[in-house]
Amino acid sequence: MFDKKKDAETTATPGVQPTPGINSSNARSASATTGAMIGASIRIQGDISGAENLLIHGKVEGKISLQKNDVTVGQAGQINADISAKTIRIDGEVNGDINGAEKVVITSTGRVRGNIVAPRMTLEDGAKFKGSIDMDPDESAKSASEKTQKPSPVAGGHS
Amino acid sequence: MYQGLQSPLLTMLLNKHFNLSESTITNDSGRRMKILDVGPAFPETVQFFSQVCCRLYIADLFTERAELSGALPDDEPEEASFPTLESYPEDERFDICLFWDFLNHLDIPELKAFNLALQPFIHGGTTAHAFTTQNSRVATRGLSYGIEGHGRFSERERTTPSLNVHVHALSDFKDYFPCLNITRSRLLTDGRVEILMSAHGS
């Protein structure tokens, strides 16, 4: 179902080269993110917004806002920014507040300093975190229920 | 990881704020419970509290104390401060404080300073849990703690920097840590004493 090699190829964004030194874990992250990627040598100062998933191996200072999409901070990623997204996975380092509409995951290599708001939160063994976590499983259930009840878009309708 | 530790006092503490059934915990209070965990982030603790509507503060005061102590030359007396606590919103009030064995790593001036730093965040219904001991060998075991279930702690070797050990008689807490009263204590077979604390008037 998920062909990692194929997925990695389809994530390639014009002008963004595959990043040397990205290990298999990051490659796994990449395969989970069909969207844009910020390579390890890229440094961005400013706000990021958009409507596709984002994988970050570089450095970002500013604000990241992808309300309906997923953000993954790869192992080499260094973020000094607040992040808002649907689901957020952190394998690297984040200094800033995190708002996950559905879920936030800090993996075993993740280091986070900031406040997290998310209906569901997973902290893996070995993860470093300092800050506060606002959790509410009822919000998660409500959001899931809204999603299942959402009517299908009408064919030919405008977005 | 060490064997988990069964704790009826933990059940009592949680029972005051949540509804506990055999395998679940729910918050029917209609408000977000505020929990202070002074230890490092533990996956089990986050997983446990993710079952209920709450705000969990992971303060990791162990690392903060080690960093602050190490930042000063030995001959310079340190005035105890708790910058992490001081950074919290002034109107925040904790329902539950999880001290683990942190109080054993504070000398008397530090204990008094911690009392002052914590006091603004205590309300009439605050309850707290701590491990203490009068045996320094027991106190230097260097464990980190988490919550596995509503009557069970998880324990593992501490990975945060080691801190000096100061053993206290229970009466020291009454004299130097008066923001919370000891309401129950339980002697464990290994010499640790588990204590429950609550705010005055609760």
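Because the structure is a prediction, the values reported are computed rather than measured. To find a chain, count down the sequence lines: A is the first, B the second, and so on, and within it residues start at 1. Just so it is clear, the values below take in all heavy atoms, side chains as well, and ignore hydrogens, waters and symmetry mates.
A salt bridge is defined here as a Lys NZ or Arg NE, NH1 or NH2 lying under 4.0 Å from an Asp or Glu carboxylate O, and A:Glu102 with A:Arg120 fails to meet this definition. A salt bridge links B:Arg31 with B:Asp95: the closest approach of a Lys/Arg side-chain nitrogen to an acidic carboxylate oxygen falls below 4.0 angstrom. The existence of a salt bridge linking B:Arg158 and B:Asp101 is confirmed by a sub-4.0 Å separation between a basic side-chain nitrogen and an acidic carboxylate oxygen.
A tilted orientation is assigned to the rings of B:Phe49 and B:Phe18, their planes being inclined by 30° to 60°. Between B:Tyr145 and B:Trp100, the ring-plane angle classifies as parallel under the 30° and 60° cut-offs.
With a threshold of 4.5 angstrom between heavy atoms, B:Val52 approaches chain A through N, CA, C or O but not through any side-chain atom. Neither the backbone nor the side chain of B:Thr63 comes within contact range of chain A; no heavy atoms are under 4.5 Å apart. Only the side chain of B:Thr84 has a heavy atom closer than 4.5 Å to any heavy atom of chain A.
For residues 123-130 of chain A, heavy-atom neighbours of chain B at less than 4.5 Å comprise A:Leu123, A:Glu124, A:Asp125, A:Lys128, A:Phe129, A:Lys130, sorted by residue number.
Formation of a donor-acceptor pair under 3.5 Å by the B:Gln51 side chain with backbone atoms of B:Phe48 is found in this model.
The aromatic ring centres of B:Phe177 and B:Phe99 sit less than 6.0 Å apart.
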